[in-house]
Engineer: 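Below are the structure tokens for one structure; questions will follow.
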Number of protein chains: 2
Amino acid sequence: MMSSEKNPTRTRILSATRTLLETQGTAAVRMSDIAKAAKISRQALYLHFPNRAELLRATVRWLDEVYDIEERLRPSRSAPDGRTRLNAWISVWGGYIPQIQGVARALQAMRDTDAEAKAAWDDRMTAVRHGCAAVVSALVADGLLTPDLAEDEATDLLHALLSVQTWEQLCKDSAWPQERYIAVMQQTAERALIRTV
Amino acid sequence: MMSSEKNPTRTRILSATRTLLETQGTAAVRMSDIAKAAKISRQALYLHFPNRAELLRATVRWLDEVYDIEERLRPSRSAPDGRTRLNAWISVWGGYIPQIQGVARALQAMRDTDAEAKAAWDDRMTAVRHGCAAVVSALVADGLLTPDLAEDEATDLLHALLSVQTWEQLCKDSAWPQERYIAVMQQTAERALIRTV
DNA sequence: TGTCAACTTGACATGGTGTCAAGCGTGAGT
DNA sequence: ACTCACGCTTGACACCATGTCAAGTTGACA
């Protein structure tokens, strides 16, 4: 928000990037396309961002700001018990995925070619993994974690379940409605992680 | 096998492609790299395959032949009941993923840029989805499918659970041993799909 | 009037894919 | 022994996206 006022062109670039990635299919979005959409010359892009990877990286960070992800996470963090926290976390993060999906996919597509893109992606993913770890740790505190999984394993599994890939496969390829995705994921995660009494 | 005798250079190319994709990181594998590894000129590659996408596509098909995926699927198909079949399917397909992972990833990385690569990838994936559908249908026949999921949804979910992505995330990024992956996936799938009595 | 920042135009290096043309060696058929 | 076709090689080139460089333009502010 702050930055939107301060630097209109930069914001226009970020917004254009996001929109293009959302609508087009990722790698089809060239620097020149972004420039055109932001109504500046291709070269001017490089006055704001040193390269494509950094632009994508900045776009994700900007989305975090715009959607105030920290604020949205509050209900999850203040949940009274492990099970509620798990469901809240899935609901929040799962609801956020559609917003970042386009950029996430672009970043992911570049991770093989571009070391910086890989770093940016790994950054984001460890943040999500921390969220998963916190949830699992809450389950452990309540004695709810299934004895079949170590705490680390449970975190990995939840993280994998909630990956952008999985969301894409279900909600884009298989056309699941967003609410159904959330509901099924909550159920699946509960069954996978929570001990049967 | 047949083809290996018949056309040694072609096989050398396919094998080199596979090895490179397995060891290097996908897009780092250029046509010239493959040519060098196969000990022919870059141009000679184009005498065998019209383009990179088709080469990758052929490599997957070739791996199916070499590892005789059909034969391996037999135990799954002849399983006596739905639950056994589910576990056998996860065990077979899950065990096959490491063999094709390198090529799968390369194909996936190209799906945005290259329509043919996308087609090749979708091809493979619908094949897997058929496998998942057959398993789910066996569960339905035995009355074992959870009432919380429609048959289609259960298929989608199983397919997502068994995606190459998920395997990569758990076995590569998180360094799970292959056996652990299989065991946890079997358990997770059972809990997600099979009704609780 | 001067100057600074943001942006523009145009040219260019780099590196990968895919194409084209010409040549070369070897084995099979005659 | 001749040649003909096949599989491969060498070398040049077009194309296209990224990223760089240099020289202008414009407008606001002092």
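Here is the naming used below: chain letters follow the sequence lines, and residue numbers restart at 1 for every chain.
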Engineer: Going by distance alone, is a donor N or O of one side chain under 3.5 Å from an acceptor N or O of the other, for A:Q178 and A:W167?
Structural biologist: yes

Engineer: Please list, for nucleotides 24-28 of chain D, all pairs of protein and nucleotide N/O atoms separated by less than 3.5 Å.
Structural biologist:
none

Engineer: Where the side chain of A:T23 meets the backbone of A:T19, is there a donor-acceptor pair that is under 3.5 Å apart?
Structural biologist: yes

Engineer: Atom CZ of B:R52 to atom C1' of C:dT19: distance rounded to whole Å?
Structural biologist: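 From B:R52 CZ to C:dT19 C1': 18 Å.
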
Engineer: Counting primed atoms plus P, OP1 and OP2 as sugar-phosphate and everything else as base, spell out the protein contacts along nucleotides 4-15 of chain D at 4.0 Å heavy-atom distance: B, S or - for each nucleotide, 5' to 3'.
Structural biologist: ----BBBBB---

Engineer: In whole Å, I'd like the distance from the CE atom of B:M31 to the P atom of C:dG16.
Structural biologist: 13 Å

Engineer: Check the distance between C:dG16's C1' and B:I34's CD1 and give it to me in whole angstrom.
Structural biologist: 13 Å

Engineer: Could you check how far OH of A:Y46 sits from P of C:dT8, rounded to whole Å?
Structural biologist: 14 Å

Engineer: So, A:R18 versus A:Q99: side-chain donor-acceptor pair below 3.5 Å or not?
Structural biologist: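 Yes, a side-chain donor-acceptor pair sits under 3.5 Å.
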
Engineer: For side chain to side chain contact (heavy atoms under 4.5 Å, CB included), just list the numbers for A:Q165 and B:S163, CA-CA rounded to whole Å, side-chain angles, deciding distance to a tenth of an Å, and then say yes or no.
Structural biologist: CA-CA 9 Å; A:Q165 291 298 335; B:S163 73; 5.7 Å; no

Engineer: Applying salt bridge (charged side-chain N to carboxylate O under 4.0 Å, His left out) between B:D64 and each of B:R57, B:R72, B:R124, report the one that passes.
Structural biologist: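 Going through B:R57, B:R72, B:R124 one by one, the salt bridge (charged side-chain N to carboxylate O under 4.0 Å, His left out) with B:D64 is satisfied by B:R124 alone.
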
Engineer: Could you check how far CG of A:D33 sits from C1' of D:dC16, rounded to whole Å?
Structural biologist: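 Those two atoms, CG and C1', are 13 Å apart.
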
Engineer: Begin with the C-alpha distance, continue with both residues' side-chain angles, and end with the deciding distance and a verdict on salt bridge (charged side-chain N to carboxylate O under 4.0 Å, His left out) for B:E22 and B:R105.
Structural biologist: CA-CA 10 Å; B:E22 217 82 333; B:R105 178 154 172 181; over 6 Å; no

Engineer: Between the opening five pairs and the closing five pairs of the helix from C:dT1-D:dA30 to C:dT30-D:dA1, how far apart are the helix axes, to 10°?
Structural biologist: 20°

Engineer: Quick one: list whatever passes side-chain hydrogen bond (donor to acceptor under 3.5 Å, both in side chains) with B:N51, sequence neighbours left out.
Structural biologist: none

Engineer: Would you mind listing every salt bridge (Lys or Arg N to Asp or Glu O under 4.0 Å) that reaches into residues 126-150 of chain A, with sequence neighbours excluded?
Structural biologist: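 Non-adjacent pairs meeting salt bridge (Lys or Arg N to Asp or Glu O under 4.0 Å): A:R129-A:D156, A:D148-B:R191.
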
Engineer: Using the side-chain hydrogen bond (donor to acceptor under 3.5 Å, both in side chains) rule, collect all pairs that involve residues 32-44 of chain A, keeping only residues at least two apart or in two chains.
Structural biologist: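 Listed by first then second residue: A:R30-A:D33.
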
Engineer: Do the non-hydrogen side-chain atoms of B:L161 and B:T166 ever get within less than 4.5 Å of each other?
Structural biologist: no

Engineer: When rounded to the nearest 0.5 angstrom, what distance separates CG in B:L56 from CD in B:Q108?
Structural biologist: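 That separation rounds to 12.5 Å.
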
Engineer: In this structure, how many angstroms lie between the C1' atom of D:dG19 and the CG atom of A:L56, rounded?
Structural biologist: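 Rounded to the whole Å, the gap is 15 Å.
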
